[in-house]
Amino acid sequence: MYELYYAPGSASLAVHWLLIELGVEHRLHRVNLAAGEHKTDHYRAINPAGVVPALVINGQAVSESAALVLALADRHPQAGLAPDLDSLERATYYQWAFFCANTLQPAFRNWFYPQEAAGVECQDHTKEQARLKIEAAFAQVNAHLDSRGPYLCGDQLRAVDFSFAMLTRWSRGMPKPAREWPAIKAYTDRLCALPSFAQVCAREELTGWP
Ligand SMILES: N[C@@H](CCC(=O)N[C@@H](CS)C(=O)NCC(=O)O)C(=O)O
């Protein structure tokens, strides 16, 4: 049994979407970020970092969106969303999981919370650097999908695609949203056509993407 602590459209989206795609039983707890619920002692007992998501797996709380996506795919191998451990594709799979978690997501953090990195006085500069980093990352993925797609790991949809698709959605209000890169546009069209995407959008009341 899973319990997901989430906020609509946030880093919990990939996990929520994947839970639906996998068809596994789960209970949802909506965390009101505007009201600061994620900074309460109650929530910090679940995720000490005070951010969403957190996933309680059989009573044990785990966090970090990308890790949760990988863990879910491994726990439900019948869905075929994780490449075999000894396959070459597994290395590519890790590559994109860490790319999402280590390259793209921190850049988005700087875009959405530009005061964090170097203070309010530097926030415009931080945001501009974040934009450049995000656009460079999208250009890299676009070229990769063009030559080695249609999914991040090749022919098959994998769990990391849920993480990356979530991150492309975060760019929708940016000067150059991810869907302006043609291969990423085709990719997000494919991901967003999954019935599980319509379901997660309905549950989280998300609109405007794609
Ligand atoms: N590395 C974490 C980052 C999570 C994160 O930054 N979540 C954001 C929402 S997208 C959040 O909770 N923000 C509220 C805050 O930082 O106060 C993960 O991937 O789970």
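The basis for the numbers below is simple: all heavy atoms, side chains too, and nothing from hydrogens, waters or symmetry mates. Order of listing sets the numbers, starting from 1, for every ligand and every atom in it.
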**Item:** Where Y151 and H144 come nearest, the two heavy atoms and their spacing
**Value:** O-NE2, 4.5 Å
**Asked** Taking the minimum heavy-atom distance to atom 18 (C) of ligand 1, which of S65, S12, P106, S63 ranks first?
**Response** S65
**Prompt:** Quick one: does F108 get a heavy atom under 4.0 Å from ligand 1?
**Reply:** no
**Request:** Around atom 6 (O) of ligand 1, find the nearest protein heavy atom and jot down its residue, atom name and distance.
**Result:** R109 NH1, 2.8 Å
**Side-chain heavy atoms of W209 within contact of T168, under 4.5 Å** = yes
**Asked** Considering only heavy atoms of V51, which atoms of ligand 1 have at least one such atom less than 4.0 Å away?
**Response** 4 (C), 5 (C), 7 (N), 11 (C), 12 (O), 16 (O)
**Message:** Show me which atoms of ligand 1 lie under 4.0 Å from any heavy atom of H38.
**Reply:** 14 (C), 15 (C), 17 (O)
**Prompt:** Just which atoms of ligand 1 are under 4.0 Å from any heavy atom in P53?
**Reply:** 20 (O)
**Item:** Stepwise side chain to side chain contact (heavy atoms under 4.5 Å, CB included) test for C100 and L167
**Value:** CA-CA 8 Å; C100 288; L167 296 172; 3.7 Å; yes
**Item:** Presence of salt bridge, R109 and E116, under 4.0 angstrom
**Value:** yes
**Prompt:** Less than 3.5 Å between some nitrogen or oxygen of L33 and one of ligand 1, yes or no?
**Reply:** no
**Message:** Is it the case that ligand 1 has an N or O less than 3.5 angstrom from some N or O of Q105?
**Reply:** yes
**Asked** Can you name the one residue among Y43, Y6, Y5 that meets ring-ring contact (aromatic ring centres under 6.0 Å, His included) with H29?
**Response** Y5
**Request:** Have a look at V69, L13, V52 and point out the one with the heavy atom closest to atom 12 (O) of ligand 1.
**Result:** V52
**Message:** Quick check on N32: does its CG atom have over 12 non-hydrogen neighbours (other residues, nucleotides or ligands) under 6.0 Å away?
**Reply:** yes
**Fill in**
atom 13 (N) of ligand 1 has as its nearest protein heavy atom Y113 OH, 2.7 Å
**Prompt:** Taking the six-membered ring for Trp, are F164 and W96 ring centroids under 6.0 Å apart?
**Reply:** no
**Request:** Heavy-atom contacts with A11 under 4.0 Å: which atoms of ligand 1 show up? List them by number with element.
**Result:** 10 (S)
**Location of contacts on F112 toward ligand 1, heavy atoms closer than 4.0 Å** = neither
**Item:** Check: E3/H26 side-chain N/O donor and acceptor closer than 3.5 Å
**Value:** no
**Item:** Residue from V15, V69, L13, L18 passing side-chain contact (heavy atoms from CB on, under 4.5 Å) with S163
**Value:** V69
**Message:** Does either side chain, that of Y187 or that of R179, offer a donor lying less than 3.5 Å from an acceptor on the other one?
**Reply:** no
**Prompt:** Purely on distance, is any nitrogen or oxygen of S10 under 3.5 Å from one on ligand 1?
**Reply:** no
**Message:** Heavy-atom contact check, 4.0 Å cutoff: does A66 meet ligand 1?
**Reply:** no
**Asked** Are any of the N or O atoms of E64 closer than 3.5 Å to those of ligand 1?
**Response** yes
